[in-house]
Amino acid sequence: MIEVLRAGALTTVQDQGRPGWAHLGVPRSGALDPAALRLANRLVGNPEHAAGLEITLTGCELRFTRAVTVALTGAPVDVLVERRPSDAPPVERQPVERRPGDTGRPLSLPAGATLRIGPARAGVRSWLAVAGGIAVEPVLGSRATDTLSGLGPPPLRDGDRLPVGAPTGPPAPVDLTVAPAVPAGLRLTLHPGPRQDWFTPAALDLLLSTAYAVSPASNRVGARLVGAALPRAVAGELPSEGLVLGAVQVPPDGQPLIFLADHPTTGGYPVIGVVDDVTPLAQARPGTTVTFHGPQR
């Protein structure tokens with residue numbers, strides 16, 4: 001078992017999500033950076049679809065009741081392993097052994113060890129894989145927490161206990177993997193959306209020529225942007241229609257919203273475009289600059 005000593009701002013169980021259920025109103029969910037979680041799983045010998053933890057901004061603290069191998073990818077963080085020697089005297093002030101750990105490589109932990117993951121020094125999210133995977137009960141074929149629909153296990157709280165499965169393979173024989181640097185700004189490819197005609201001709205030019213900033217109101221559902229309002233050509237609202245990952249929806253205030261993994265499957269605000277890769281937004285802190293360009297530019 002994993003004992004959650006400090007859950008942090010938002011730590012959730014995630015895997016590669018539950019795609020294929022949108023026709024029933026179920027979003028895909030899953031890790032906001034699927035490749036980062038796949039890498040962490042490969043490092044500990046798991047299948048790529050195994051469930052791990054997505055840790056947001058402030059880090060967390062976990063205790064492991066048996067010896068395990070773990071790996072951490074994503075945002076750069078400080079990692080510390082603590083354990084009490086087995087022959088330590090049973091008194092309050094027992095000696096504690098401490099050693100730093102590395103991200104991007106397998107890390108062996110003895111039974112009873114505490115893993116302290118510090119706040120992100122850059123970016124927002126880290127992904128922790130444990131050999132054997134997080135073995136919570138799957139829902140519709142996935143163990144992912146969906147913060148919008150409530151499917152899957154709830155976000156972690158202090159005192160929670162998580163089951164761990166049996167290891168299925170040895171850790172990867174690597175000493176180091178290189179994590180991509182967290183960029184200061186993002187440049188996203190935008191494809192025309194189904195309701196582009198609901199906006200004035202100037203609106204798309206405005207979207208492609210001005211910079212926006214990520215709002216503090218962003219979350220796993222969507223990245224809200226702050227900047228030039230996009231003028232509408234058609235008043236009123238649409239009947240709800242299907243939404244996809246990366247859809248750029250524009251509410252009445254004219255500020256674009258990019259839907260992420262926990263997005264709803266339908267919505268009534270017009271979609272001006274669709275971003276082809278939302279993965280960089282997983283590490284976008286509030287204030288990060290976002291610009292858009294067309295697929296041919």
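Along the sequence shown, residues are numbered consecutively beginning with 1. Because the structure is a prediction, the values reported are computed rather than measured.
- The closest donor-acceptor contact from the side chain of Gln249 to the backbone of Ile258 lies at 3.5 Å or more, if one exists at all.
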Chi angles and distances behind the side-chain contact (heavy atoms from CB on, under 4.5 Å) call for Gln255, Val250: CA-CA 6 Å; Gln255 301 294 311; Val250 184; over 6 Å; no

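- When all heavy atoms are compared, the tightest approach of Ala203 to Leu230 is O-CD2, 3.6 Å.
- Counting only residues at least two apart or on different chains, the salt bridge (charged side-chain N to carboxylate O under 4.0 Å, His left out) pairs with a member in residues 19-48 are Arg42-Glu48.
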Trace of the side-chain contact (heavy atoms from CB on, under 4.5 Å) decision for Phe292 with Thr189: CA-CA 6 Å; Phe292 297 93; Thr189 303; over 6 Å; no

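- Judged as a salt bridge (charged side-chain N to carboxylate O under 4.0 Å, His left out), and not counting sequence neighbours, Glu237 has no contacts.
- Between Arg220 and the options Leu148, Leu32, Leu260, a side chain to side chain contact (heavy atoms under 4.5 Å, CB included) holds for only Leu32.
- For the pair Arg143 (side chain) and Asp15 (backbone), a donor-acceptor distance under 3.5 Å is absent.
- Side-chain atoms of Gln283 come within 3.5 Å of backbone N or O of Arg125 as a donor-acceptor pair.
- Between Pro155 and Thr145 the shortest side-chain heavy-atom distance falls below 4.5 Å.
- Counting heavy atoms from C-beta on, the side chains of Leu43 and Pro171 never come closer than 4.5 Å.
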Check against side-chain contact (heavy atoms from CB on, under 4.5 Å), Asp78 and Arg121: CA-CA 8 Å; Asp78 292 326; Arg121 298 194 301 272; 2.7 Å; yes

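- Nearest heavy atom pair, residue Thr65 against residue Met1, reads OG1-N, 2.9 Å.
- Residues Leu238 and Val244 are members of separate hydrophobic clusters, defined by side-chain heavy-atom contacts under 4.5 angstrom among Ile, Leu, Val, Met, Phe, Trp and Tyr.
- Not a single donor-acceptor pair under 3.5 Å links the side chain of Asn46 to the backbone N or O of His49.
- With sequence neighbours excluded, the residues that form a side-chain contact (heavy atoms from CB on, under 4.5 Å) with Val214 are Ser218, Leu225, Ala284, Thr288, Val290.
- Panel note: side chain Arg285, backbone Gly123; a donor-acceptor pair is recorded below 3.5 Å.
- Residues Pro47 and Thr168 meet the side-chain proximity criterion, which asks for heavy atoms closer than 4.5 Å.
- Within the hydrophobic cluster formed by Ile, Leu, Val, Met, Phe, Trp and Tyr side chains joined at under 4.5 Å, directly or through other members, Trp21 is accompanied by Leu24, Val26, Val139, Leu140, Leu151.
- Closest approach of Gly8 and Cys60 over heavy atoms only: N-CB, 4.5 Å.
- Between Phe259 and Pro27 the shortest side-chain heavy-atom distance does not fall below 4.5 Å.
- Val275 and Leu206 fall within a single hydrophobic cluster, where Ile, Leu, Val, Met, Phe, Trp and Tyr side chains are chained together by heavy-atom contacts under 4.5 Å.
- With sequence neighbours excluded, no residue satisfies salt bridge (charged side-chain N to carboxylate O under 4.0 Å, His left out) with Arg224.
- For the pair Ala31 and Leu37, the tightest heavy-atom approach, listed with the atom from each and the gap, is CB-CD2, 3.9 Å.
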Candidate pair Val274 and Leu190, rule side-chain contact (heavy atoms from CB on, under 4.5 Å), full reasoning: CA-CA 6 Å; Val274 179; Leu190 183 77; 5.8 Å; no

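- A donor-acceptor pair under 3.5 Å is absent between the side-chain atoms of Thr103 and the main chain of Thr73, judged by distance alone.
- How far CD of Gln16 is from OG of Ser29: 11.0 Å, rounded to the nearest 0.5 Å.
- Linking ILVMFWY residues whenever their side-chain heavy atoms come closer than 4.5 Å, directly or via other members, places Leu257 and Val221 in the same cluster.
- Ion pair Glu241/Arg195 flagged as a salt bridge, since at least one NZ, NE, NH1 or NH2 atom sits closer than 4.0 Å to an Asp/Glu carboxylate oxygen.
- Contact check for Thr12 versus Pro154: no side-chain heavy atoms found under the 4.5 Å cut-off.
- Counting only distance, with no hydrogens or angles, the side chain of Thr177 and the backbone of Gly104 share a donor-acceptor pair below 3.5 Å.
- Residues Asp276 and His191 form a side-chain contact, since some pair of their non-hydrogen atoms from C-beta on lies under 4.5 Å apart.
- At least one side-chain heavy atom of Ile272 sits less than 4.5 Å from a side-chain heavy atom of Phe199.
- Closest approach of Pro264 to Leu243, counting heavy atoms only: O-CB, 3.6 Å.
- Pairing each heavy atom of Ala135 with each of Gly165, the nearest pair is CB-N, 3.8 Å.
- Annotation for Val13: hydrophobic cluster partners, listed by chain and number, are Ile2, Val4, Leu53, Ile55, Leu62, Phe64, Val68, Val70, Leu72, Val77, Val79, Val81, Leu107, Leu109, Leu115, Ile117, Leu128, Val130, Ile134, Val136, Leu156, Leu162, Val164 (ILVMFWY side-chain heavy atoms under 4.5 Å, direct or chained).
- Between the side chain of Asp102 and the main chain of Arg105, no donor-acceptor pair closer than 3.5 Å is present.
- One N or O on the side chain of Tyr212 and one on the backbone of Ala228 form a donor-acceptor pair closer than 3.5 Å.
- Open room surrounds CZ on Arg157; 12 or fewer heavy atoms of other groups in view lie less than 6.0 Å from it.
- Counting only distance, with no hydrogens or angles, the side chain of Ser126 and the backbone of Gly74 share no donor-acceptor pair below 3.5 Å.
- Residues Leu186 and Thr291 have side chains not in contact (no heavy-atom distance under 4.5 Å, counting atoms from C-beta outward).
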